Amino acid sequence: MDLVASTLQFKLDLYIQIDDQDEYTGEFKKEWIYYDTLDCWAKGIVSNSTSTRSNDRQILDNRYKNDQFIEIRTMQKLNMRSKITNIRNKHNIPVWTELDYPTETPTVFEVVGVTPIIDPFGTIIAYNTTAKRSENQQIGI
């Protein structure tokens, strides 16, 4: 397990979803709160095939769409109710940023799926997570 942990050279900020129900209207409200900073390893998912996901794909249709997928490895299991942002290297420099924002803010990603990494003895030693660039780049909205 220490060998896997030693390969996690990046850090990420993890936000989790909290659901609350208004006692008067019954409306459900979703709120994202900062949960933890985790050690991780991350890379873009790159493919030269049009039938699979690629690292960066921009589509002009009725609406502009910017699809970007990354793979993240962590010791902790993430879930679909998580958002990830501020993936940064050991020098605290963000790796993925939004170029359309004036200050190149860190990109926000949503978890798409999680796969355990298992050693030869059947023990889960880490998790690979696939994440997609969130359409909404502001956490809390």
Side-chain angles (χ1 to χ4, degrees), residues 1-119 121-141:
M1 200 126 26
D2 291 333
L3 181 61
V4 174
S6 70
T7 65
L8 307 178
Q9 299 296 318
F10 294 161
K11 291 196 179 295
L12 63 79
D13 292 338
L14 180 66
Y15 287 77
I16 59 170
Q17 178 182 325
I18 302 296
D19 294 327
D20 191 26
Q21 186 173 16
D22 187 291
E23 63 180 280
Y24 301 109
T25 65
E27 175 188 13
F28 281 99
K29 296 178 182 179
K30 176 172 47 174
E31 182 181 356
W32 296 96
I33 62 166
Y34 169 80
Y35 182 72
D36 201 1
T37 296
L38 304 178
D39 292 328
C40 72
W41 169 86
K43 71 172 188 159
I45 297 176
V46 180
S47 171
N48 60 1
S49 169
T50 57
S51 64
T52 61
R53 293 182 183 137
S54 66
N55 180 37
D56 193 10
R57 182 176 59 189
Q58 297 178 357
I59 299 171
L60 293 172
D61 195 2
N62 290 340
R63 201 170 84 176
Y64 173 78
K65 194 173 185 182
N66 183 3
D67 285 344
Q68 185 176 32
F69 292 87
I70 62 173
E71 180 182 335
I72 303 166
R73 181 167 298 154
T74 57
M75 300 297 291
Q76 299 83 357
K77 183 177 181 181
L78 306 180
N79 66 48
M80 304 287 267
R81 293 171 58 93
S82 302
K83 282 196 178 189
I84 298 159
T85 190
N86 199 18
I87 300 173
R88 55 204 182 273
N89 64 18
K90 64 182 179 180
H91 303 293
N92 246 6
I93 298 170
V95 179
W96 282 275
T97 59
E98 291 297 299
L99 298 177
D100 294 338
Y101 281 71
T103 59
E104 288 195 39
T105 59
T107 301
V108 176
F109 293 93
E110 298 174 356
V111 173
V112 175
V114 180
T115 304
I117 301 170
I118 301 173
D119 72 9
F121 307 104
T123 303
I124 297 173
I125 57 173
Y127 295 90
N128 272 351
T129 300
T130 301
K132 177 182 177 184
R133 181 187 174 275
S134 180
E135 216 172 287
N136 185 351
Q137 285 296 304
Q138 294 180 348
I139 292 180
I141 296 177

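Heads up: numbering here begins at 1 and tracks the sequence. Remember, predicted model here, so these are calculated numbers, not experimental data. Heavy-atom basis, side chains included; hydrogens, waters and symmetry copies ignored.
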Partners passing salt bridge (charged side-chain N to carboxylate O under 4.0 Å, His left out) against Lys90 (at least two apart in sequence or in another chain): none

Set of side chain to side chain donor-acceptor pair (under 3.5 Å) partners for Asn128, sequence neighbours left out: Glu71, Arg73

Identify the heavy atoms of Gly26 and Gln21 that sit nearest to each other, and give their distance. O-NE2, 3.0 Å

Quick one: do Gln68 and Trp96 satisfy side chain to side chain contact (heavy atoms under 4.5 Å, CB included)? Show the steps, please. CA-CA 10 Å; Gln68 185 176 32; Trp96 282 275; 3.4 Å; yes

Looking at Met80 and Gly113, what are the two nearest heavy atoms and their distance? SD-N, 4.1 Å

If the condition is side chain to side chain donor-acceptor pair (under 3.5 Å), which residues does Asn86 pass it with, not counting sequence neighbours? Asp13

In chain order, what residues pass the side chain to side chain contact (heavy atoms under 4.5 Å, CB included) check against Thr97, with sequence neighbours excluded? Pro94, Leu99, Glu104

Nearest 0.5 Å please: distance from the CG atom of Leu38 over to the CG atom of Leu12. 5.0 Å

Residue set satisfying salt bridge (charged side-chain N to carboxylate O under 4.0 Å, His left out) with Asp36, at least two apart, ordered chain then number -> none

Identify the heavy atoms of Lys77 and Val114 that sit nearest to each other, and give their distance. CG-CG1, 4.1 Å

Those residues at least two apart in sequence (or on a different chain) that pass salt bridge (charged side-chain N to carboxylate O under 4.0 Å, His left out) with Asp20 are none

Is any side-chain heavy atom of Ile87 less than 4.5 Å from a side-chain heavy atom of Phe109? yes

With Tyr15, which residues qualify under ring pair (Phe, Tyr, Trp, His ring centres under 6.0 Å), at least two apart? Tyr34

Reference residue Cys40; test side chain to side chain contact (heavy atoms under 4.5 Å, CB included); the match among Leu78, Ile72, Leu14, Ile84: Ile72

Return the set of residues passing ring pair (Phe, Tyr, Trp, His ring centres under 6.0 Å) with Tyr35 (not counting sequence neighbours), or none when no residue passes. none

Residues that Lys11 engages under salt bridge (charged side-chain N to carboxylate O under 4.0 Å, His left out), provided they are two or more places apart: Asp39

With sequence neighbours excluded, what pairs up with Thr107 under the side chain to side chain donor-acceptor pair (under 3.5 Å) test? Glu98

Side chain to side chain contact (heavy atoms under 4.5 Å, CB included) involving Gln17 - partner list, sequence neighbours excluded: Asp19, Lys30, Trp32, Arg81

Locate the shortest heavy-atom distance separating Pro106 from Gln137; write the atom from each residue and the value. O-OE1, 4.1 Å

Can you name the side chain to side chain donor-acceptor pair (under 3.5 Å) partners of Gln76, sequence neighbours left out? none

